[in-house]
Amino acid sequence: MRIGVLTGGGDCPGLNAVIRAVVRKGIEIYGHDIVGFREGWRGPMLGLIHPLGLADVEHILPLGGTILGTSRTNPYRDGGPEQVRQTLAEHGVDALIAIGGEDTLGVAQRLHEDGLFVVGVPKTIDNDLSVTDYTVGFDTAVHIATEAIDRLHTTAESHHRVAIVEVMGRHAGWIALHSGMAGGANVILMPERPFSVSWVCQWVTRCLDRVSAAIVVVAEGAIPEGGAEVLAAAEVDAFGHRRLGGVGIWLAGEIARRTGAEARAVVLGHIQRGGTPTAYDRVLATRLGVHAIDAVHEGDSGVMVALRGTEIVRVKLADATAAVKTVPQHRHTEAEVFFG
Ligand code: F6P
């Protein structure tokens, strides 16, 4: 078989580990031909294709980003799936492995419905894909945010300040929850539950009295009660998403104004997506890659490989993309024990 691989959507650490696993098992165990499509769905639309051999995946296991490049191209908006079909036929590609989040895998699902052979691999630092416990990239993002929080504790305590750390995650609070818990944050604000600024100020004041500093972790999609998401830009991408960002700076201003304390905001931004993947992400990515090529080899189209507990399983792409996985109430309640 000739199998194409692509990475779509926002990059994250661990993508190259998936590509390496697909190539290694695809060639060495099954004897398939593997090709890479560049820049997400733009690759199969425009024929941006090149062979992927064993030499191409040497040394890429710990490398961040993606050797294939990525984009937020949406074939169902930017020119139609017919171009994808034509490219695959022209280059004799029998199946595609799409490594992506809800948008990339949503396209994969539609292409599968339209008769193409597609298998999905879940990646996104946001960890917001249903039917998989974790996505590739999430653990690394949490690790980076946790290290930042650890560092902010010492400088905030030295200056008796409030440090507000804004993390990514779009409409899900997973990065905020995990990094906030791991970093011992005094308040964690997530998109799933609108927050009261006066409560935040009360928690912060209590901390300042107790330990002379306070750390607030706020997800970029967190919303103040009665308010709206803070947007970094007005325009929407090819999948209709607005760019979030700015709630941390806004909140720092509110806290300083209402409590009289010195407050500083730190926006971690794309640092959470850069650099080398953690050992956990490398192992998860490698296992998902191995199982994705197995699924293709066995003729199983329209599936996504997923982590359930400690096992990799196959689930329907349709189920994986049906709804965003958000933080449930009981996880919020657990975190709240440590607020203030
Ligand atoms: O989906 C991953 C993500 O990093 C989100 O957490 C964030 O809102 C968005 O992508 C940022 O996108 P961009 O790279 O286009 O700025």
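In each ligand, atom 1 is the first atom listed, and ligand 1 is the first ligand listed.
- The shell of residues lying under 4.0 angstrom from ligand 1, judged by heavy atoms, excludes His241.
- For Gly169, the closest heavy-atom approach to ligand 1 falls below 4.0 Å.
- Between Lys25 and Asp294 there is a salt bridge, since a side-chain N of the basic residue sits under 4.0 Å from a carboxylate O of the acidic one.
- Atoms of ligand 1 found under 4.0 Å from any heavy atom of Arg243 (numbered from 1 in listed order, with element): 16 (O).
- On a distance-only criterion, Arg273 and ligand 1 share at least one N/O pair closer than 3.5 Å.
- Under the 3.5 Å distance criterion, the side-chain polar atoms of Thr155 are left unmatched by any main-chain donor or acceptor of Arg151.
- Residue nearest to atom 8 (O) of ligand 1, selected from Glu220, Lys123, Glu102, Met168: Glu220 (by heavy-atom distance).
- A heavy-atom separation below 4.0 Å is not found between Leu244 and ligand 1.
- The residue from Asp126, Asp103, Val167 that puts a heavy atom closest to atom 6 (O) of ligand 1 is Asp126.
- In the vicinity of Ile125, heavy-atom distances shorter than 4.0 Å reach the ligand 1 atoms 4 (O).
- For Glu254 and Arg257, the salt-bridge test passes: some basic side-chain N is under 4.0 Å from an acidic carboxylate O.
- Close contacts of ligand 1 with His270, meaning ligand atoms under 4.0 Å from a residue heavy atom, involve 13 (P), 14 (O), 16 (O).
- Looking only at distances, a side-chain donor or acceptor of Glu220 sits under 3.5 Å from a matching main-chain atom of Gly169.
- Put simply, the side chain of Trp174 gets close to the backbone of Lys325: a donor and an acceptor are under 3.5 Å apart.
- For His143, the NE2 atom is loosely surrounded, since the number of other residues' heavy atoms within 6.0 Å does not exceed 12.
- Between the Thr7 side chain and the Ile99 main chain, no donor and acceptor come within less than 3.5 Å of each other.
- The ligand atoms of ligand 1 that sit less than 4.0 angstrom from a heavy atom of Arg72 are 9 (C), 10 (O), 11 (C), 12 (O), 13 (P), 14 (O), 15 (O).
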